[in-house]
Amino acid sequence: MGENAKKTFYITTPIYYVNDVPHIGHAYTTIIADTAARFKKMMGYDVFFLTGTDEHGQKIEKAAAARGIQPLELADRMVIRFKDLWKALNIDYDGFIRTTQPHHEQVVQALFRKLKDRGDIYRGSYEGYYCVSDENFLSADVPLEDGGFKICPDCGKQAGQVSEECYFFRLSAYQQRLLDFYAENPTFVRPQSRMNEITSFVRQGLRDLSITRSTVRWGVAIPDDPDHTVYVWFDALHNYLSGIGFGSNDALYRKFWPANVHLIGKDILRFHAVYWPAFLMASGFSLPECVFGHGWWLKDKSKMSKSKGNVLDPHLILDTFGTDPLRYFLLREIPVGLDGNFSHEGFIHRVNSDLANDLGNLVQRVLTMIRSYFSGRISEIGEATGEDQELNTKFLEHRDRIIEHYDDLAINRALEDLWGYINTVNRYLADNEPWKKAKQAGARARLGRILYQAAAAIRTIACLVYPVMPESADKIWHFLGEGTSPGETVLAHLAFDDLETGVEFLKPDQLFPRVDLKDFLKEKPVETPAGKQKKEGEMEQITFDEFKRMDLRVAEILQAERVEGTNKLIKMKIDIGDETRQMIAGIADTYAPEDLTGKKLIVIVNLKPAVIRGIESQAMLLAAVKPDDSAIVPFFSEDVPTGAPVK
Ligand code: MSP
């Protein structure tokens, strides 16, 4: 680094799977990273903030197939959704990496080859269980369930059996080196409790890791072996190198590697704190400084996740409140390492009390007074009294503590401290009663001093809150007649009396309108249990328990005849395993009765009987309905026992 070169700071978020649209959980990680990046810039660092999308692997392959599209098409669609959300949340990233970009794929292939040449990768075969949702090989000690599957201990979903040829990475050979590294770098994993978790996991012994898949086509091709694709986690973790220019922009890579903070959710700690450093050791890179595992946002006491259907769509909140209240709430409510439960009540309470009352009112009151008593320009400022100097001293104490908290990623504590400062300023106003001074003869210079003190404090508040609420801080800055942005100031040098005198202050708009919970809940667009806004014609989601209430079975058609006087209806006698029933269905457009006998199909047998054209129908078949309203019945081509449950 040259003498005048700035210190650098490289922070990353996980790259997000593109199987579905982003939710509050993804927004949370990205907002923390954005706040940390903005803060470091204000501390004079040269910052690179990387985010992106994880686009390969079985999970994406499956999600695309379920939509009947190609994986890359799904990724292209979802990338737009992620980028739109980042824009709406005012996320100022420096790089966005997609794992389908050729330069990333080349890095993965080159490093795979390097490890193979060094003897850290060898051929073998994997027999075990795989959780597609987490893209994770289960450890052998997870118990087998009755149905011949295992339950993923991390996400609770079924993991199926896998038996495939693969290449292994010699993870076991890195056990001691990892333990030595943790001992020398005790803050490599944060918070501390997670460092302990990881150390004891590694102490228990590491098994070699399968790093290719021969049953998944959607992945980076293995050099010289077209039957395999790279395991998605080996592929994804290398984004932190390709995304900073390794293999494509050497100067950038040299400037920023190794990363200072990999910010991640605690769910993916093992991949980042065990596998990733081992891969890096094996290929000879220096190691990142810190992996910070944050907690989860829960809804109804369980981790918000797309597959559980309990996610909140950030757009619903953004559309009503704007960006900063959501950023503030997520960062203020919980320490970065712990879990938090998202409730609309909690959110609205914070908006009303912290933002509208404490901060919003302060700005509004002070600037309105300056406009009405001094037409916007404080022309007379008396000498500072001891009480005024005291406010300045308080500012310095708060500033230094807030900087320390931000630096430690204790963002909630930084905000707590900042609100302590805001309350001090509010108390200063209450004690000095400028509204009374305005009516007293001979108190004009004192009045000017009090309002100058308050405006100077507001200016410092704008700078200190900027990393979390950049848009509101910019607005306050603008009301104070400042030209650029508080983000341009150097926090460590922020001084109380940097506020110029004689500048014209503008009439402030309301920063944070108060919200009534009842009105909010009334106006809120319909949320499905998945938190998604319903599109017209889209059905409400049901729970698995609700689904299970349906008795679906394989039935065999014993007899079939057309219902007289109708074009569409066929009356059938069906066997449902333990009894025979009569069923009417509108399928005569597509099928002749004589072709139906002996066919097996799915019927629901516990639907209340219906009377159609005077004939009772005691079951209902499942069929696809074409746009011309004709029905296509999925008949079984395999031999399935009559009466077999369908679930
Ligand atoms: N693609 C992997 C990461 C690869 S990084 C080399 C992945 N993607 S993910 O989309 O499933 O989730 C990424 C991250 O989203 C989690 O680690 C976490 O940071 C965040 N969150 C997802 N759900 C969350 C909550 N409910 N609460 C807080 N954050 C959570 O894993």
Side-chain angles (χ1 to χ4, degrees), residues 11-34 50-60 63 75 78-79 81-82 85-86 96-100 104 107-108 131-136 152 154-155 157 194 219-220 230-244 259 261-277 279-280 288 291-314 326 329-331 333-342 530-531:
I11 185 165
T12 65
T13 71
I15 46 171
Y16 301 102
Y17 287 130
V18 288
N19 58 313
D20 210 335
V21 295
H23 61 73
I24 290 271
H26 307 123
Y28 180 52
T29 317
T30 315
I31 292 170
I32 302 174
D34 183 67
L50 179 71
T51 189
T53 40
D54 192 353
E55 305 187 0
H56 289 126
Q58 200 172 354
K59 179 173 170 126
I60 312 302
M78 291 302 158
V79 164
R81 302 295 294 268
F82 276 92
L85 180 60
W86 301 156
F96 190 102
I97 177 87
R98 299 183 56 176
T99 53
T100 47
H104 168 80
V107 166
V108 173
C131 170
V132 178
S133 180
D134 285 358
E135 295 280 16
N136 189 19
C152 171
D154 295 325
C155 70
K157 283 200 221 111
R194 306 242 154 85
V220 177
V230 174
Y231 170 42
V232 65
W233 271 102
F234 184 89
D235 165 359
L237 285 162
H238 286 92
N239 91 86
Y240 300 131
L241 284 170
S242 60
I244 196 67
V261 183
H262 289 314
L263 189 69
I264 57 164
K266 62 181 180 180
D267 42 331
I268 52 175
L269 190 58
R270 202 177 343 122
F271 299 96
H272 284 81
V274 182
Y275 303 166
W276 181 226
F279 295 154
L280 290 169
V291 173
F292 203 117
H294 67 68
W296 288 336
W297 277 100
L298 315 174
K299 187 86 185 73
D300 310 323
K301 307 239 155 40
S302 118
K303 182 190 174 218
M304 248 183 243
S305 83
K306 288 170 278 203
S307 43
K308 276 199 211 124
N310 63 345
V311 293
L312 279 177
D313 179 351
L326 180 60
F329 175 76
L330 293 177
L331 298 178
E333 199 67 1
I334 52 169
V336 172
L338 299 185
D339 292 349
N341 200 46
F342 194 100

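Start at 1 and go down the list; that is how both ligands and their atoms are numbered.
Counting heavy atoms closer than 4.0 Å to ligand 1, residue H294 contributes side-chain atoms (C-beta onward) but none from N, CA, C or O. The part of D267 lying near ligand 1 is the side chain, judged by heavy-atom distances below 4.0 Å. Contacts between F271 and ligand 1, counted as non-hydrogen atom pairs separated by less than 4.0 Å, are absent for every part of the residue.
With hydrogens and angles ignored, the 3.5 Å screen pairs a side-chain donor or acceptor of T99 with a backbone N or O of E55.
The shortest heavy-atom contact between T29 and P14 is CG2-CD, 3.4 Å.
Here H56 and Y17 keep their ring centres 6.0 angstrom or further from each other. Remark: aromatic rings of H238 and W276 are close, center separation under 6.0 Å.
Of the listed options D235, D339, T12, I268, I268 places a heavy atom closest to atom 17 (O) of ligand 1. For atom 25 (C) of ligand 1, the choice among P14, G25, G340 with the nearest heavy atom turns out to be G25. Between L263, L330, I15, it is I15 that holds the heavy atom closest to atom 3 (C) of ligand 1.
Protein heavy atom closest to atom 10 (O) of ligand 1, with residue, atom name and distance, is Y17 N, 3.2 Å. Residue, atom and distance of the protein heavy atom nearest to atom 27 (N) of ligand 1 are W297 N, 2.8 Å.
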side-chain hydrogen bond (donor to acceptor under 3.5 Å, both in side chains) for Y28 and H23? Distances and angles first, verdict last.
CA-CA 9 Å; Y28 180 52; H23 61 73; over 6 Å; no
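Salt bridge status for D54 with R98: absent, with no side-chain N to carboxylate O gap under 4.0 Å.
On a distance-only criterion, A236 and ligand 1 share no N/O pair closer than 3.5 Å.
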